[in-house]
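For reference, the structure discussed in these notes is given below.
Naming convention: chains lettered A, B, ... in sequence-line order (proteins, then strands); numbering from 1 in each chain.
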Number of protein chains: 2
Amino acid sequence: MLISVKTEMKLDPVMEKLVLHWGEMGSRWGISRMVAQIHALLYFSPKPLPADEITEALGVARSHVSNSLKELQTWGVVKVVHVMDDRREHFQSIKDVWQLFEILLDERKRRELDPTLKTLRETQALLNDGTMTDPHTRERVKDMLAFFELMDGWYGEVRRMPLESRVKLVKWGTRLRGWLS
Amino acid sequence: MLISVKTEMKLDPVMEKLVLHWGEMGSRWGISRMVAQIHALLYFSPKPLPADEITEALGVARSHVSNSLKELQTWGVVKVVHVMDDRREHFQSIKDVWQLFEILLDERKRRELDPTLKTLRETQALLNDGTMTDPHTRERVKDMLAFFELMDGWYGEVRRMPLESRVKLVKWGTRLRGWLS
DNA sequence: CACAAAATCCAGAAAAAACAGAAATATGAA
DNA sequence: TTCATATTTCTGTTTTTTCTGGATTTTGTG
């Protein structure tokens with residue numbers, strides 16, 4: 001992995017560090033580098049930014065910024081804001097960390113779990129229709145499906161809880177341990 | 001995304017469906033397609049397979065299979081087994097779903113969370129050393145760091161629990177809700 | 001030890017993803 | 001409505017990742 005700083009950004013060093021890091025992590029988070037960098041910029045920035053300034057700050061093509069912003073808006077983590085005496089659209093990120101990761105997790109579940117759950121269910125149906133498949137394979141499908149169903153159910157359950165409960169769940173790590181035994 | 005079935009596999013249709021799906025999901029899971037396909041093959045297969053047969057089943061270069069197997073072994077999800085009267089190494093996947101996802105999650109935490117936690121700590125230190133950074137940015141760093149610390153702690157906590165407790169935690173979705181309020 | 005089979009390394013080809021820049025379109029103020 | 005500015009779409013280029021095939025090394029067997 002190459003860490004290239006093509007045009008050095010004229011940003012607060014702290015900001016720059018964060019933006020670069022977010023960008024590097026992007027690929028690991030299943031997000032393109034640019035999208036991740038823009039999000040970092042908007043999240044940590046004190047004020048909403050117009051596309052131009054993002055282009056300038058990151059030193060990339062205007063069009064690319066446009067596309068990336070659209071993606072962020074689709075996910076709902078970035079909103080359009082209007083600033084007095086400025087015709088341009090300004091963008092700002094959701095600031096609440098919990099809300100942010102809620103969106104992120106939902107998205108990941110949708111992309112990484114749901115399709116597999118679907119496939120496993122289809123496979124299970126196939127097996128019930130009596131294909132000649134090895135018993136061991138059948139067993140593995142059963143196990144895997146059960147696991148995914150369980151996780152899916154749990155996620156739904158936790159997801160429906162009020163935010164405060166979820167916060168408690170995480171903050172009460174130690175108490176949890178006692179309660180479970 | 002192109003779904004190419006270059007050489008059709010001579011596999012049980014159920015197996016083929018699973019292998020192809022695993023492959024497609026691989027990229028979303030942060031795993032290369034080949035690695036994911038091989039893992040599916042070994043996980044669902046009734047018996048350990050030698051590299052040759054994997055090569056043949058998936059229709060890819062022998063060397064690539066070798067590299068992918070090495071990666072799977074590094075993670076610890078695939079082990080080498082020896083079969084009587086066969087000089088070749090045979091490979092088999094861990095079969096326990098919980099153990100499997102434990103490894104997977106640990107790996108993802110290591111790659112997706114830990115580096116950011118580190119960066120945020122460094123950033124925090126930088127801020128304490130008195131850089132001229134906007135108060136809003138400082139606040140966002142604080143929030144984000146607090147969130148990551150919390151999650152990191154929680155993961156450690158849950159991770160240290162005995163497996164049965166973790167299973168309970170997931171199975172008791174509904175009870176959990178009551179306990180938290 | 002020798003030799004054959006298996007496994008791996010490595011350089012480069014192929015495929016996929018990210019990105020640039022110009023052309024086209026849309027938007028709002030006068 | 002017109003004009004200037006802001007935004008998006010589209011096509012081609014660059015970069016990154018995945019994969020191939022032969023060369024090399026390792027491993028087990030007689």
Interatomic distance, A:Asp85 CG vs C:dA29 P [rounded to whole Å]: 10 Å
Give the rounded distance in Å between these two atoms: NE2 of B:His90 and P of C:dA5. 17 Å
Between atom CD in A:Glu24 and atom C1' in D:dT16, what is the gap in whole Å? 15 Å
B:Trp172 and A:Trp154: ring pair (Phe, Tyr, Trp, His ring centres under 6.0 Å), yes or no, with the steps? CA-CA 8 Å; B:Trp172 289 1; A:Trp154 191 73; over 10 Å; no
Looking at C:dA20, C:dA7, D:dT18, which one has an atom nearest to any side-chain atom of B:Ser32? D:dT18
Quick one: do A:Asp106 and A:Lys109 satisfy salt bridge (charged side-chain N to carboxylate O under 4.0 Å, His left out)? Show the steps, please. CA-CA 5 Å; A:Asp106 281 351; A:Lys109 175 179 181 301; over 6 Å; no
Which label fits B:Phe101 and A:Phe147: parallel for a plane angle under 30°, tilted from 30 to 60°, or perpendicular past 60°? parallel
Of the residues in residues 63-71 of chain B, which ones touch DNA chain D at a heavy-atom distance under 4.0 Å? B:Ser63, B:His64
On the side chain of B:Arg88, is there an atom forming a donor-acceptor pair with the base of C:dA6 - under 3.5 Å, no angle test? no
If the plane angle is over 60° it's perpendicular, under 30° parallel, otherwise tilted; pick one for B:Trp179 and A:Trp179. parallel
Taking A:Leu127's backbone N and O only, do any of them form a donor-acceptor pair with A:Arg138's side chain (distance below 3.5 Å, no angle check)? yes
Result for 5'-nearest mapping on DNA chain C, choosing between B:Asp52 and A:Val35, is B:Asp52
Measure from the side-chain N and O atoms of B:His82 to the backbone N and O of B:Val80, and report whether any donor-acceptor pair falls under 3.5 Å. no
Atom pair distance, as rounded to whole Å: CZ in A:Arg33 and P in D:dT14: 16 Å
When rounded to whole Å, the CG to C1' distance for the pair A:Asp86 and D:dT5 reads 11 Å
Using the benzene-type ring in the case of Trp, are the ring centres of B:Trp22 and B:Tyr43 under 6.0 Å apart? no
Between atom CD in B:Glu53 and atom P in C:dA7, what is the gap in whole Å? 11 Å
Going by modelled atom types, is there a donor-acceptor pair between the base of D:dT27 and the side chain of B:Arg87 at under 3.5 Å? yes
Using Watson-Crick and G-U wobble pairs whose two distances are both under 3.5 Å, how do you write the pairing of DNA chain C as dot-bracket, with | for links to another strand? ||||||||||||||||||||||||||||||
When the distance from CD1 of A:Ile38 to P of C:dA18 is rounded to whole Å, what number comes out? 13 Å
Using 4.0 Å as the upper bound for N to carboxylate O, is an ion pair formed by A:Arg177 and B:Glu157? yes
Kindly say whether, by distance alone, the side chain of B:Arg62 makes a donor-acceptor pair under 3.5 Å with the base of D:dT20? no
Between D:dT7 (P) and A:His82 (NE2): distance, integer Å: 9 Å
On the six-membered ring of B:Phe91, is B:Lys79 placed so that its NZ or CZ lies under 6.0 angstrom from the centre and within 45° of the ring axis? no
